[in-house]
Q: 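Before I ask anything, let me first share the structure, which is written out below as structure tokens.
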Amino acid sequence: FGNAMTKIKDVVAKGGSVTLSDVGIFKAVWTPERTAFRNGQYITIPPVRNANFDLSLGFQKGTKLGQVMSDTEAALL
């Protein structure tokens with residue numbers, strides 16, 4: 001498990017994504033450049049890359065129902 005997580009972290013750190021069936025998607029996402037008002041002046045905050053995880057449909061519905069569920073089973077509900 002540790003080796004798999006290291007590989008996932010490596011792929012996401014390089015800007016990629018990893019999909020795990022019936023679990024979700026690990027991916028890198030960029031926040032857009034934005035303007036903020038701080039200390040009486042406007043400043044530009046540059047874009048930043050962050051890690052993101054989106055749960056699969058089966059993981060979401062299974063958790064709500066208190067059972068283990070695949071994406072296929074969840075889609076049938």
Side-chain angles (χ1 to χ4, degrees):
F1 178 76
N3 206 18
M5 286 306 295
T6 300
K7 185 63 177 172
I8 291 170
K9 289 178 184 180
D10 183 52
V11 169
V12 173
K14 292 177 180 173
S17 67
V18 176
T19 301
L20 301 176
S21 297
D22 300 326
V23 176
I25 302 170
F26 293 91
K27 61 185 171 184
V29 293
W30 284 92
T31 61
E33 182 178 279
R34 57 194 172 100
T35 303
F37 188 75
R38 293 194 183 147
N39 299 324
Q41 61 183 347
Y42 288 97
I43 62 167
T44 300
I45 300 172
V48 178
R49 183 169 56 197
N50 290 305
N52 189 345
F53 178 70
D54 293 326
L55 294 171
S56 72
L57 181 63
F59 199 121
Q60 290 176 17
K61 285 191 174 183
T63 300
K64 287 180 183 176
L65 297 173
Q67 58 189 3
V68 177
M69 185 176 290
S70 71
D71 292 343
T72 305
E73 292 168 329
L76 296 174
L77 294 180

Q: Taking ring-ring contact (aromatic ring centres under 6.0 Å, His included) as the test, write out the residues that go with F59, two or more places apart.
A: none

Q: Answer yes or no: does atom CG of N3 have more than 12 heavy-atom neighbours from other residues, nucleotides or ligands under 6.0 Å?
A: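 No, because the 6.0 Å sphere around CG of N3 holds 12 heavy atoms or fewer from other groups.
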
Q: Going only through I, L, V, M, F, W and Y residues with side-chain contacts under 4.5 Å, is there a path from V12 to L20?
A: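 V12 and L20: one cluster.
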
Q: Give the minimum heavy-atom separation between A28 and G15, together with the two atoms involved.
A: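 Looks like CB-CA, 3.7 Å.
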
Q: Do V11 and F53 belong to the same hydrophobic cluster, where Ile, Leu, Val, Met, Phe, Trp and Tyr are linked whenever their side-chain heavy atoms lie under 4.5 Å apart, directly or via other members?
A: yes

Q: What pairs with A75 under side-chain contact (heavy atoms from CB on, under 4.5 Å), at least two apart in sequence or on another chain?
A: L57

Q: Filter on salt bridge (Lys or Arg N to Asp or Glu O under 4.0 Å), then keep only pairs touching residues 62-77, sequence neighbours left out; what's left?
A: none

Q: Sequence neighbours left out, what passes side-chain contact (heavy atoms from CB on, under 4.5 Å) with Q41? Give chain and number order.
A: I43

Q: List the steps and the verdict of side chain to side chain contact (heavy atoms under 4.5 Å, CB included) for T63 and L55.
A: CA-CA 10 Å; T63 300; L55 294 171; over 6 Å; no

Q: Is there a path of hydrophobic side-chain contacts, each under 4.5 Å between heavy atoms, that joins V23 and M69?
A: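 As far as the 4.5 Å side-chain criterion goes, M69 and V23 are not connected within one cluster.
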
Q: Any pair with a residue in residues 21-38 that passes side-chain hydrogen bond (donor to acceptor under 3.5 Å, both in side chains), sequence neighbours left out, goes on the list, sorted by first then second residue, please.
A: K27-D54

Q: Quick one: list whatever passes salt bridge (Lys or Arg N to Asp or Glu O under 4.0 Å) with K14, sequence neighbours left out.
A: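 Here the qualifying residues are D10.
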
Q: Are more than 12 heavy atoms from other residues, nucleotides or ligands located less than 6.0 Å from atom OH of Y42?
A: no

